[in-house]
Amino acid sequence: MSGLYLHIPYCKQVCFYCDFHFRVAMKDKSAMLVAMRKEIALQKNYLRTSGDKDDKVVIETLYFGGGTPSVLSIDDLGSLRQAIDNYYTLSPGAEITLEANPDDLTEDYLEGLRQLGINRLSIGIQSFFDDDLKWMNRRHNAHEAIQSVELAQLKGFDNINIDLIYGLPSMTQNRWKDNLRQAFDLDILHLSAYHLTIEPRTVFGRRQNKGDNFSINEEDSIRQFECLLDAATEAGFEHYEISNFAKPGFHSRHNSNYWRHLPYLGIGPSAHSYDGKSRQWNVGNNSQYIENIEKEDGWCESELLSPFDMYNDYMLISIRTMWGVNPGYILENFGPTFLEIFLRQAASYIQSGFMEKCNGKYVLTRKGKMIADRIASDLFADEDTMNILETRLKYTGLIY
């Protein structure tokens with residue numbers, strides 16, 4: 001299983017909370033598309049394995065993210081699809097996702113997306129209240145949010161995700177409940193819900209540095225998260241990753257591959273890639289990316305991952321999912337000492353009710369989900385811990 005991600009680095013306006021790489025000015029769009037098509041060709045063998053016999057690597061998922069991919073025309077997206085088809089084979093039934101803003105999803109645009117083979121939409125709604133949207137500097141309104149989902153369904157898109165944000169300073173518990181009620185009333189199959197985080201490079205981050213306060217108290221955050229869990233469960237959704245909920249059979253296959261530590265290739269400025277042994281990231285500057293792709297040099301950096309890097313990545317990602325941490329995977333991929341480290345570190349969280357063992361995997365309980373990031377960091381391994389434990393285990397004869 002492998003996936004291909006294309007980062008479209010443009011937006012029509014700045015959302016005050018957003019920390020992803022994008023530019024509002026699109027004067028270099030044509031050059032950017034040329035560069036991305038060229039990178040697709042240059043990276044055609046990145047995901048190749050020894051078992052691949054065909055000229056083209058088979059990919060199971062394709063994801064247009066950003067930025068705002070829906071700022072591109074159907075012809076623009078089509079040119080990227082053609083480049084992909086030139087060098088990759090999409091498996092039968094491949095999941096092809098496009099992130100979109102509600103106000104971009106016109107009837108003609110949706111028909112064009114269907115013709116390109118897009119079969120999953122991720123719509124950035126964030127809130128169904130106009131004052132929230134204005135505060136976040138979103139460019140759509142609540143009516144357009146609802147209309148976009150209904151129109152997409154009318155045009156044959158059944159696999160739809162919507163994004164919502166909670167933890168806003170002005171958000172009451174009742175308002176959050178109303179947001180969730182409206183989302184599930186739209187009969188969507190997937191929901192991504194994120195707590196507002198103030199990142200330093202955002203408009204909110206700069207305003208906070210000048211004295212504005214956007215935080216809410218921890219009790220309100222917990223109540224809103226618990227409300228989310230209850231509403232999603234009542235609507236028949238599985239909580240399969242801390243921020244992601246889906247009807248059975250409609251998990252995001254692309255993102256699930258990330259969370260299951262499977263290889264993926266990222267195309268475009270700031271995009272990341274992972275081949276199972278190393279991590280690679282493209283420059284996060286549009287003009288530099290275009291220039292370096294043209295030279296076929298210097299558009300990305302990479303690092304070979306140490307066993308500690310790969311183990312800690314596995315902990316960080318796996319503990320957030322319904323699939324949890326698999327001790328068999330640790331033993332097979334990292335060895336007995338890493339397994340012993342995990343079992344010792346996990347024991348206290350099991351005893352305190354934050355984790356449990358289910359079908360041989362270690363997963364977070366409802367209480368544990370409230371502090372998932374803290375638990376993940378506590379499960380990290382380092383060289384000092386490894387050396388101490390290996391010495392002890394050798395003396396006891398448990399490893400040789």
Side-chain angles (χ1 to χ4, degrees), residues 3-15 18-47 56-57 59 61-90 96-101 103-106 108-110 112-113 115-118 121-122 124 137 139 201-203 254 264-275 279-302:
L4 182 60
Y5 171 84
L6 277 73
H7 187 83
I8 310 302
Y10 301 110
C11 293
K12 290 180 181 177
Q13 69 184 44
V14 178
C15 298
C18 183
D19 191 40
F20 292 112
H21 170 71
F22 70 94
R23 292 290 179 269
V24 174
M26 297 177 61
K27 60 184 179 181
D28 60 0
K29 186 192 73 169
S30 295
M32 177 62 68
L33 292 173
V34 170
M36 291 181 67
R37 292 195 296 266
K38 184 169 184 177
E39 190 190 1
I40 290 169
L42 291 172
Q43 297 278 55
K44 64 181 180 179
N45 291 318
Y46 182 84
L47 294 171
K56 299 179 182 179
V57 173
I59 55 174
T61 64
L62 173 59
Y63 196 105
F64 293 88
T68 310
S70 58
V71 302
L72 295 185
S73 69
I74 295 299
D75 286 343
D76 292 336
L77 291 169
S79 74
L80 293 172
R81 255 316 297 269
Q82 183 59 60
I84 293 165
D85 291 341
N86 288 342
Y87 298 101
Y88 293 90
T89 297
L90 269 69
I96 307 176
T97 303
L98 181 120
E99 292 180 352
N101 264 26
D103 51 316
D104 290 327
L105 295 178
T106 65
D108 288 345
Y109 195 77
L110 286 163
L113 294 179
Q115 291 172 10
L116 288 177
I118 306 296
L121 295 177
S122 182
N137 203 41
R139 58 183 172 89
R201 298 187 303 168
T202 64
V203 173
H254 185 85
Y264 58 90
L265 170 64
I267 299 292
S270 82
H272 283 61
S273 305
Y274 170 72
D275 66 359
R279 188 185 293 121
Q280 179 175 291
W281 57 97
N282 291 354
V283 295
N285 178 285
N286 285 8
S287 58
Q288 187 178 351
Y289 169 81
I290 292 169
E291 179 182 341
N292 291 355
I293 285 287
E294 177 62 28
K295 296 188 299 186
E296 300 186 12
D297 181 57
W299 79 86
C300 66
E301 297 181 59
S302 64

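Keep in mind that what you see is a predicted model, and the values were worked out from it rather than measured.
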Side chains of [X] and [Y]: does their closest heavy-atom pair fall under 4.5 Å?
| X | Y | answer |
| --- | --- | --- |
| L90 | I59 | yes |
| L116 | L98 | no |
| E294 | V34 | no |
| Y109 | I74 | yes |
| P9 | R23 | no |
| C11 | V71 | no |
| L113 | L77 | yes |
| I267 | L80 | no |

Over all atoms of both residues, closest heavy-atom pair of [X] and [Y]:
| X | Y | value |
| --- | --- | --- |
| R81 | I96 | NH1-CD1, 3.7 Å |
| T202 | C18 | CG2-O, 3.1 Å |
| H7 | A271 | CB-CB, 4.3 Å |
| H254 | L62 | ND1-N, 4.5 Å |
| L265 | S273 | CD1-OG, 3.4 Å |
| Y46 | Q280 | CE1-OE1, 3.7 Å |

As an exercise, state the distance from [atom1] of [X] to [atom2] of [Y], rounded to the nearest 0.5 Å.
| X | Y | atom1 | atom2 | result |
| --- | --- | --- | --- | --- |
| I118 | S70 | CD1 | OG | 11.0 Å |
| Q82 | R37 | CD | CZ | 10.0 Å |
| M36 | L33 | CE | CG | 7.0 Å |
| E301 | W281 | CD | CH2 | 5.5 Å |
| L4 | Q43 | CG | CD | 10.0 Å |
| D297 | L42 | CG | CG | 11.0 Å |

Between K12 and D103, does a salt bridge (Lys or Arg N to Asp or Glu O under 4.0 Å) hold up when you go through it step by step?
CA-CA 11 Å; K12 290 180 181 177; D103 51 316; 5.2 Å; no
Residues E99 and Y63: side-chain donor-acceptor under 3.5 angstrom
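Short answer, yes.
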Do Y289 and E39 pair up side chain to side chain, a donor and an acceptor below 3.5 Å, judged on atom types alone?
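The criterion, which ignores hydrogens and geometry beyond distance, is satisfied for E39 and Y289.
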What's the verdict on side-chain contact (heavy atoms from CB on, under 4.5 Å) for I40 and Y88, showing C-alpha distance, side-chain angles and the deciding distance?
CA-CA 9 Å; I40 290 169; Y88 293 90; 4.1 Å; yes
Output, in order, the C-alpha distance, side-chain angles, deciding distance and verdict of side-chain contact (heavy atoms from CB on, under 4.5 Å) for T68 and F20.
CA-CA 10 Å; T68 310; F20 292 112; over 6 Å; no
Under the side-chain contact (heavy atoms from CB on, under 4.5 Å) criterion, do L110 and L121 qualify, and how do the steps go?
CA-CA 10 Å; L110 286 163; L121 295 177; 3.8 Å; yes
Would you mind telling me which of K29, K27, H21 makes a side chain to side chain donor-acceptor pair (under 3.5 Å) with N286?
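So, applying the side chain to side chain donor-acceptor pair (under 3.5 Å) to N286 and each of K29, K27, H21, only H21 qualifies.
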Steps toward side-chain contact (heavy atoms from CB on, under 4.5 Å) verdict (F64, L72):
CA-CA 11 Å; F64 293 88; L72 295 185; over 6 Å; no
